[in-house]
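Let me begin by presenting the structure, written as C-alpha cells, before commenting on it.
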Amino acid sequence: MSDKKKIYKPKPISGYPEWLPQVRRVEQQWLDHIREVFESYGFCNIETPAVEALEVIAAKGEDVDKEIYVLERLQKEEGDKEARLALHFDQTVPLARYVGQHFNDLVFPFKRYQTQKVWRGERPQAGRFREFTQCDIDVINVDNLPLSLDAEMPKIIHEVLSGLDIPPFEIRISNRKILLGLLDYLEVRNKTEVTRIIDKIEKLSEDSIEQLLKEHGIDEADSSEILWLALCPDLDAVFPHNEMMQEGLEELQFVMDQLSHLPNVVADLSIVRGLDYYTGTVYETMFVDDPSYGSICSGGRYDDLASSYINKKLPGVGISIGFSRLFAKMHTQLDTGRISPADVLVILNSEDDRAAASEIADTLRKNGNAVELYHAPQKFSKQLSYAEKKGIPFVWMPPFGDTVEHKVKTMATGDQVEADYKDWKAADA
RNA sequence: GCGAGCGUAGCUCAGCUGGUAGAGCACUCGGUUGUGAUCCGAGUUGUCGCGGGUUCAAGCCCCGUCGUUCGCCCCA
C-alpha cells in the first residue's frame, strides 16, 4: 500500500475572506450590534436572493458590467433556454426590484435594512474583496421624502460605528447639486468623468487633479473654480450661480444643522460619489488616520429608485456599511482567544459518571449558561487543556472518588471553589 | 482588464556565489498521587506552486503557467 492518496492542497481564494471561529465570534457580535441599532430606529429586515435576472443588474453601465458574476449550470446544454442569472453586485438594485415588485404590499415610507453578501469581480486588495458583506439601510417613499431623513442616516451610522471597537472615523457629507450645479453653470459636458476626478482628491495632489481636468478638456479658469469649490471649507463662502447650486447648499446646510452635535460628521464638498443615480445628499466615511483605506460606509439620496421597474416616482435615501472592509481592518486585533461560546466545560471523570455529567450540563444550560460537556473520559489534564485551548473560562469539576462536593475552576486565575450546579451562573462568577 | 513583487513543513520564515532541506511556533506522547497556561524530554510533518529547459548536479539559473500580494481602473 505504497500509493499515496492524492490530496488537494487547501488554499484561500483571493477576495473571498473567511475567519477562524474566534474571529467569527466577534464578527457575529458586531453584526448583532448593527442589527439592534437599525431596529431601534424602526427599520425592518428583508433578504433577497443571491441572484437577480441579469437584465435587472446590468443596467448600470459598462464599468459596472465588467464586475458582474454570471451564473451558469455546468451541464447546461446548448440551446437550453434559461433566464440568465447574475450574483447581485450591491443591495440597492435588488431593493429597487423588490419595491417595484411588492409595491402594493409594502407600507410607505418603506424603511428596511439588509445585511447580505454581495459579489464584485474586482482585483482584491487591502479592504477590497470579491465577496463581501454590506449592511444597508434605505428609506423609500412615494412622490417625496422628507429631507430630515437625509440627516437620520448618518446619525444612525454614527451610533452604529461609535458602538464598535474601531479607530476614529469621520462621516463626510455633501450634496451633489452643488458641484453638478457648478458644472452646469460652467457648461461642462462630461460631468461623470469630472466628478470621478474630483472623487480622487483624497488620494491625489491638487496639481494632478488640475492636470487630469485639463486632459478632460476643462480650461484653467474652470478647473480652478471647480477645485476651489471642492476644497472650500465654508458653505457660506460658496456663491450659488444657479438654482441647482442654491438648492444643494440649502439642503446640505439643513442636514448639517441637524447633525451639529456630532463632531466627526463634517460637510465636505469634494464628496460626489461615482455612482450616477445619486441626486442630492451623498455620504462617505473614512478612518481619520487612514483615509486612503477607502470609505467604510457610503450612500446618498436618489430621486427615483425604481423607475425601471414601476411607473411611480419613488425617491429614497440610503447608506451602506462596507462591513467586510470595516471588519477586515480590525480583525487581527480582535482575536480574544475565545474560540468557543461555551461559558463552562463539564468534566467527564469516567464512563460511570456520564449520566450525572450530562444532567449537570443540562441543569447549567437551563440556568442560562452555555455549556460544553466533554464526551470522552480522558485524563483530567487533557480535559483542562482542552478548555484552555478553546478559551472556555470555567471548568465544572463533578465529584470524583470519595469526594462529594462540586467545584468550579476559573481558568484565568486557577481558583477553584465549591459550587452548586443547580443555581450557578457564569455571569455571576 | 493593465503594471510590479512574491510562491520552501499547518503558520512565520532561514537556506551563503547551483551539490539532492532547516529553525521557531503549532501538533502528538511522556515527566505516577484527577489540575491547563510555565519548564524538561521524545516524536510527526514537506512531490521547495506546477510544467518544461540548462547542468554531472537546481529550492537556488532560464522560459512558460497557475496562485498570491501591491498599484491602476472602479468601488463598500
Side-chain angles (χ1 to χ4, degrees), chain A residues 3-17 20 60-68 89-92 115-136 157 192-193 195-197 199-200 202-204 208 212 272-276 283-287 292-300 318-329 337 345 347-350 353 374 377-403 407-416:
Chain A
D3 55 325
K4 253 185 168 176
K5 196 177 76 176
K6 274 196 178 174
I7 61 167
Y8 170 82
K9 191 177 181 185
K11 51 199 168 194
I13 302 174
S14 177
Y16 292 79
L20 290 171
K60 282 168 83 175
E62 282 178 24
D63 277 342
V64 166
D65 282 4
K66 62 184 183 188
E67 299 194 348
I68 294 173
F89 158 101
D90 63 11
Q91 291 177 129
T92 306
T115 297
Q116 288 184 234
K117 294 250 165 87
V118 304
W119 295 268
R120 295 184 192 175
E122 301 190 70
R123 262 299 193 290
Q125 276 166 45
R128 309 183 54 188
F129 306 101
R130 291 183 153 167
E131 174 180 84
F132 59 98
T133 300
Q134 290 189 312
C135 311
D136 280 32
I157 294 304
T192 303
E193 283 168 343
T195 55
R196 281 182 180 168
I197 292 168
D199 225 29
K200 295 185 204 303
E202 185 68 61
K203 283 193 173 184
L204 301 178
S208 6
L212 279 172
V272 280
R273 314 275 301 123
L275 294 172
D276 270 341
Y283 318 101
E284 281 195 357
T285 309
M286 312 300 203
F287 289 119
S292 62
Y293 185 66
S295 177
I296 49 166
C297 182
S298 307
I319 191 162
S320 171
I321 299 174
F323 182 86
S324 300
R325 175 175 290 179
L326 180 65
F327 191 72
K329 169 91 174 169
L345 177 76
I347 296 286
L348 180 62
N349 290 317
S350 67
D353 292 318
Y374 203 88
Q378 286 174 313
K379 286 180 55 170
F380 192 70
S381 62
K382 193 171 174 74
Q383 300 193 41
L384 277 183
S385 163
Y386 176 77
E388 160 74 18
K389 279 188 281 193
K390 271 199 148 181
I392 301 173
F394 299 101
V395 170
W396 195 272
M397 299 153 61
F400 75 103
D402 297 333
T403 64
K407 284 186 173 178
V408 183
K409 181 183 183 74
T410 304
M411 293 303 283
T413 59
D415 294 344
Q416 299 174 192

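To find a chain, count down the sequence lines: A is the first, B the second, and so on, and within it residues start at 1.
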Is a side-chain donor or acceptor of A/Q383 paired with a backbone partner of A/L348 at a separation under 3.5 angstrom? yes
Provide, to the nearest angstrom, the distance between the CD atom belonging to A/E284 and the C1' atom belonging to B/C75. 9 Å
Quickly work out the A/Y293 OH to B/C70 P distance and round it to whole Å. 10 Å
Compare side-chain N and O positions of A/R325 against OP1 and OP2 of B/C75 and report whether any pair is under 4.0 Å apart. no
I'd like to know if the side chain of A/Q134 and the backbone of A/D90 have a donor-acceptor N/O pair within less than 3.5 Å. no
If you check every side-chain atom of A/R123, which of B/C70, B/G36, B/A76 has the closest atom? B/C70
Atom CG of A/L326 and atom C1' of B/C75 are separated, to the nearest Å, by 16 Å
Could you give the distance separating B/A42 and B/C48 at their P atoms, to the nearest angstrom? 29 Å
Under 3.5 Å, is there any donor-acceptor pair linking the side chain of A/Q416 to the base of B/U35? yes
Give one of base, sugar-phosphate or nothing for A/K390, where a contact means two heavy atoms less than 4.0 Å apart. nothing
If you check the A/I347 side chain, which of B/A76, B/U68, B/G34 turns out closest? B/G34
Could you give the CZ-to-C1' distance, from A/R130 to B/C75, as a whole number of Å? 14 Å
If you restrict it to nitrogen or oxygen atoms, what contacts under 3.5 Å exist between nucleotides 24-33 of chain B and the protein, and what is each distance?
{"residue": "B/C29", "atom": "OP1", "partner": "A/K382", "partner atom": "NZ", "Å": "3.3"}

Treating A/R130 as the side-chain partner and A/E122 as the backbone partner, does any N or O pair qualify as donor plus acceptor under 3.5 Å? yes
Relative to the ring of A/F287, is the ring of A/Y293 parallel (under 30°), tilted (30 to 60°) or perpendicular (over 60°)? tilted
Fill in the dot-bracket string of RNA chain B, one character per base: . for unpaired, | for a pair to another strand, ( ) or [ ] for pairs within the strand, taking Watson-Crick or G-U pairs under 3.5 Å. (((((((..((((........)))).(((((.......))))).....(((((.......))))))))))))....
Kindly say whether A/G127 contributes a backbone atom to a donor-acceptor pair with the side chain of A/R325 at under 3.5 angstrom? yes
Per the side chain to side chain contact (heavy atoms under 4.5 Å, CB included) rule, which among A/I347, A/L345, A/D415, A/L384 passes with A/K409? A/L384
Between B/C6 and B/G49, how far is it from one C1' atom to the other, in whole Å? 12 Å
Expressed in whole Å, how much space separates the P atoms belonging to B/A14 and B/C72? 27 Å
Can a donor-acceptor pair be found, under 3.5 Å and without considering hydrogens, that links the side chain of A/E284 to the backbone of A/R273? no
Given B/A76, B/U68, B/G34, the nucleotide with the shortest approach to the side chain of A/S14: B/U68
Could you work out the separation of B/A9 and B/G64 based on their P atoms and round it to a whole Å? 25 Å
Do any N or O atoms from the side chain of A/R128 and from the backbone of A/R123 form a donor-acceptor pair under 3.5 angstrom? no
A/S324 vs A/F380, nearer the 5' end of RNA chain B by closest nucleotide: A/F380
Is there a donor N/O on one and an acceptor N/O on the other, under 3.5 Å, for the side chain of A/R128 and the base of B/C74? yes
What nucleotide, of B/A76, B/C73, B/U35, holds the atom closest to the side chain of A/M397? B/U35
Mind checking if A/G414 touches a base, just sugar-phosphate, or nothing, with heavy atoms under 4.0 Å? base
When the C1' atoms of B/U45 and B/C27 are compared, how many Å lie between them, rounded to an integer? 9 Å
Without decimals, in angstroms, what is the distance between A/L20 CG and B/G10 P? 16 Å
Contact nearer the 5' end of RNA chain B, comparing A/P398 with A/S295: A/P398
Per atom distances to the A/Q125 side chain, the nearest of B/C72, B/G34, B/A76 is B/C72
Taking B/G36, B/G34, B/U68 as options, the one with an atom nearest any side-chain atom of A/I13 is B/U68
In whole angstroms, the gap separating C1' of B/G36 from CD1 of A/I392 amounts to 12 Å
How far does the C1' atom of B/U28 sit from the matching atom of B/G19, given to the nearest Å? 35 Å
Ignoring hydrogens and geometry, is there a side-chain-to-backbone donor-acceptor pair from A/S320 to A/S298 under 3.5 Å? no
Reported CG-to-OG1 distance for the pair A/L326 and A/T285, which is rounded to 0.5 angstrom: 9.5 Å
Look at the side chain of A/E122 and decide which nucleotide, out of B/G36, B/U69, B/A76, has an atom nearest to it. B/A76
Please measure how far the P atom in B/G51 lies from the corresponding atom in B/C39, and state the result in whole Å. 42 Å
From CD of A/E388 over to C1' of B/U38, roughly how many Å is that when rounded to an integer? 11 Å
What is the separation between atom OH on A/Y16 and atom C1' on B/G67, rounded to the nearest whole Å? 15 Å
Pairwise P distance for B/G10 and B/A57, with rounding to whole Å: 30 Å
Touch check for A/Y386, heavy atoms < 4.0 angstrom, all strands: base, sugar-phosphate only, or nothing? nothing
